[in-house]
Amino acid sequence: MAQKPSIPKGTRDFSPAELSRRNHIVETIKRRFELFGFQPIETPSFENSETLMGKYGEEGDRLIFKILNSGDYLSKVDDAVLGSRNSASLTPKISEKALRYDLTVPFARYVVMHRNDIDFPFKRYQIQPVWRADRPQKGRFREFYQCDADVVGANSPLQEVEFVQLYDAVFTDLGLKGCTIKINNRKILSGIAEMIGAKDLLVDFTVALDKLDKIGEEKVKEELLAKGISKEAIAKAQPLFTMIGTAKEQLDRLKTLLADSQIGILGVAELEEIISNVELLGLGSARLQLDVTLARGLNYYTGAIFEVAAPDGVSMGSIGGGGRYDDLTGIFGLQDVSGVGISFGLDRIYLVMEELGLFPDSLDNSLDILFLNLGKKEGLEALKLVSFLRREGIRADLYPTDAKIQKQFKYADRKGVPLVAVIGEEELAQGRLTLRNMKTGDQRSLPLEDGSLLLERLRSDS
RNA sequence: GUGGUUGUAGCUCAGCUGGUUAGAGCGCUGGAUUGUGGUUCCAGAGGUCGCCGGUUCGAACCCGGUCUUCCACCCCA
């Protein structure tokens with residue numbers, strides 16, 4: 001009995017057409033990463049659970065895919081744990097490995113493990129899938145690709161400036177104009193929390209504030225109240241809700257607001273330096289926007305934080321994010337190594353580009369010329385030219401079987417092949433081939449023996 | 001994880017208050033056209049109605065469960 005095939009929810013197959021578009025994005029990103037001096041690494045799909053657990057907050061732990069131990073994994077679990085039916089205590093007993101949730105934490109682990117072989121500052125990039133046990137939605141999958149670039153061992157805020165430029169360069173290359181790179185600094189958020197006396201409620205505070213543009217001022221205040229932040233404290237934070245104007249104006253207001261907070265002032269100064277330097281150097285097609293409500297959930301960030309929004313009019317969550325983390329390697333036993341990095345959400349960038357029709361047509365054709373197969377002798381003759389053209393870097397192919405000529409033409413048409421070469425009985429007798437331009441319908445005759453004339457035509461057409 | 005939504009041919013979708021052999025368009029295959037695709041015309045193939053169970057004389061349609069899709073939360077790329 002044949003079963004109906006299916007794939008798990010939140011996963012996808014990629015067709016040749018989709019993959020050539022995805023590769024176009026990946027190659028653009030890769031080229032820029034390398035131009036900016038990053039080197040590639042790869043890490044395993046799965047890590048030891050303890051490497052991952054606890055790095056993404058409580059919510060993150062829930063979304064990590066756990067891998068069941070091999071063998072008779074229940075036999076060694078003692079009855080008390082098994083009988084308690086408590087997932088939190090049972091899980092570590094039956095699962096020691098987990099699929100990676102992002103690329104930043106495995107990278108931190110990599111840095112610590114290989115610290116003696118790495119020349120610091122270390123700039124690495126990594127393009128690999130990650131997995132999250134999330135409920136899928138549009139632009140939200142359970143298996144998706146991240147394209148990360150990080151620098152570890154460099155404290156200078158010039159790194160942040162370069163990352164803003166990197167974002168801008170990639171999106172400009174892709175033709176994705178009008179992206180907004182939102183920037184904030186965790187120190188500012190800490191400073192504000194300190195100011196209003198809610199230091200230990202920093203996470204709740206930032207998570208609520210993050211929703212400002214989505215649910216509005218009143219609802220945010222309600223949530224803050226519900227989380228145990230006093231009315232007076234919220235009143236003190238009032239200037240945050242009406243942060244408009246240029247970056248400079250906003251920074252000036254933050255300076256007065258945070259005058260008594262050492263960490264807050266530090267954050268403002270860092271941000272000021274980054275923003276003014278980005279302005280000085282200029283951007284291509286993206287714009288940098290200070291957004292004091294930007295918080296980001298991943299709790300390892302300590303300094304600058306980034307998030308990229310798609311151009312106006314496209315409804316899609318952030319297509320990139322990142323920030324500075326001072327202590328990530330500290331968790332694995334390597335102190336005083338600051339890191340900063342960004343991530344591109346390949347799958348979401350794909351969806352946005354699809355929606356805006358930004359993929360070049362040239363991605364759709366996979367062949368420069370197709371030779372029709374009209375029999376054994378004819379096919380062999382065609383293959384000689386195919387081999388010659390391939391050596392010259394032309395994407396050439398021979399139709400695999402001597403099917404009906406109509407079928408072969410139809411195949412060429414649908415694949416979008418611009419040129420079709422016909423070598424049949426007639427041509428063979430004359431020592432020539434017929435070359436048809438599929439777009440215009442023009443046909444011309446060329447000698448079989450000398451492939452260079454054909455090559456010339458192909459080169460001039462492309 | 002919570003609440004809702006969706007599933008009928010390869011694709012996009014019709015299908016009445018449950019009632020004989022479940023339809024269309026596109027696509028596919030063949031022919032018109034025995035060496036010429038994209039247009040047209042003709043013919044044909046293709047469906048466990050997501051899956052499991054229940055109600056009923058009878059279920060694509062009603063009920064329960066389950067999987068999937070999309071949406072809102074949560075969170076995030």
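These figures come from a predicted structure and were not determined experimentally. Both backbone and side-chain heavy atoms feed into the values below; hydrogens, waters and symmetry mates do not. Residue numbers start from 1 in every chain, and the chains themselves are labelled A, B, ... in the order their sequence lines are given, proteins ahead of strands.
- If you measure from atom CG of D13(A) to atom P of U69(B), you get 12 Å, rounded to the nearest angstrom.
- With values rounded to the nearest 0.5 angstrom, E217(A) atom CD is found 10.5 Å from I234(A) atom CD1.
- Using modelled atom types and a 3.5 Å distance limit, the side chains of R432(A) and S445(A) yield a donor-acceptor pair.
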Under 3.5 Å, N/O pairs linking protein and nucleotides 30-34 of chain B:
| from | atom 1 | to | atom 2 | distance (Å) |
| --- | --- | --- | --- | --- |
| G31(B) | OP1 | K404(A) | NZ | 3.2 |
| G31(B) | OP2 | K404(A) | NZ | 2.8 |

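- Here F144(A) lies parallel enough and close enough to stack on the base of A77(B), with planes under 30° and ring centres under 5.5 Å apart.
- For E427(A) against G35(B), a side-chain-to-base donor-acceptor contact under 3.5 Å is present.
- Judged by distance alone, with hydrogens and angles left aside, R348(A) brings a side-chain donor or acceptor within reach of the base of C76(B), the pair sitting under 3.5 Å.
- The only member of F36(A), F33(A), F344(A) that meets ring-ring contact (aromatic ring centres under 6.0 Å, His included) when paired with Y125(A) is F33(A).
- Ring geometry for Y56(A) against Y101(A) counts as tilted: the plane angle lies between 30° and 60°, on a 0 to 90° scale.
- Counted by atom type alone, S338(A) and D326(A) present one or more donor-acceptor pairs between their side chains at under 3.5 Å.
- Of the inter-residue distances, the one linking L433(A) atom CG with L385(A) atom CG reads 6.5 Å to the nearest 0.5 angstrom.
- The phosphate of U68(B) (OP1 or OP2) has a side-chain N or O of K9(A) nearer than 4.0 angstrom.
- In this structure, Q137(A) reaches the A72(B) phosphate: one of its side-chain N or O atoms is under 4.0 Å from OP1 or OP2.
- G18(B) makes up no base pair with any nucleotide shown, lacking Watson-Crick or G-U wobble contacts both under 3.5 Å.
- In this structure, F359(A) and H24(A) have perpendicular ring planes: the angle between them is above 60°, well past the 30° mark.
- Between the side chain of D413(A) and the base of G38(B), no donor-acceptor pair under 3.5 Å is found.
- Remark: the separation of the C1' atoms in G58(B) and A43(B) is 36 Å, to the nearest Å.
- Spacing between G35(B) and G31(B) at atom P, rounded to whole Å, works out to 12 Å.
- We find that K219(A) and E222(A) are not joined by a salt bridge, their nearest charged nitrogen and carboxylate oxygen being 4.0 Å or further apart.
- Judged by distance alone with a 3.5 Å cut-off, no donor-acceptor contact links the side chain of R135(A) to the base of U69(B).
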Tabulate protein N/O versus nucleotide N/O from nucleotides 5-9 of chain B, keeping only pairs under 3.5 Å, one per line.
none

Sequence neighbours excluded and cut-off under 3.5 Å, please list the side-chain donor-acceptor pairs for residues 370-378 of chain A, or say none.
| from | atom 1 | to | atom 2 | distance (Å) |
| --- | --- | --- | --- | --- |
| N373(A) | OD1 | G375(A) | N | 3.3 |
| N373(A) | ND2 | Y399(A) | O | 3.0 |

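- Spacing of P atoms, C67(B) relative to G47(B), comes out at 28 Å, to the nearest Å.
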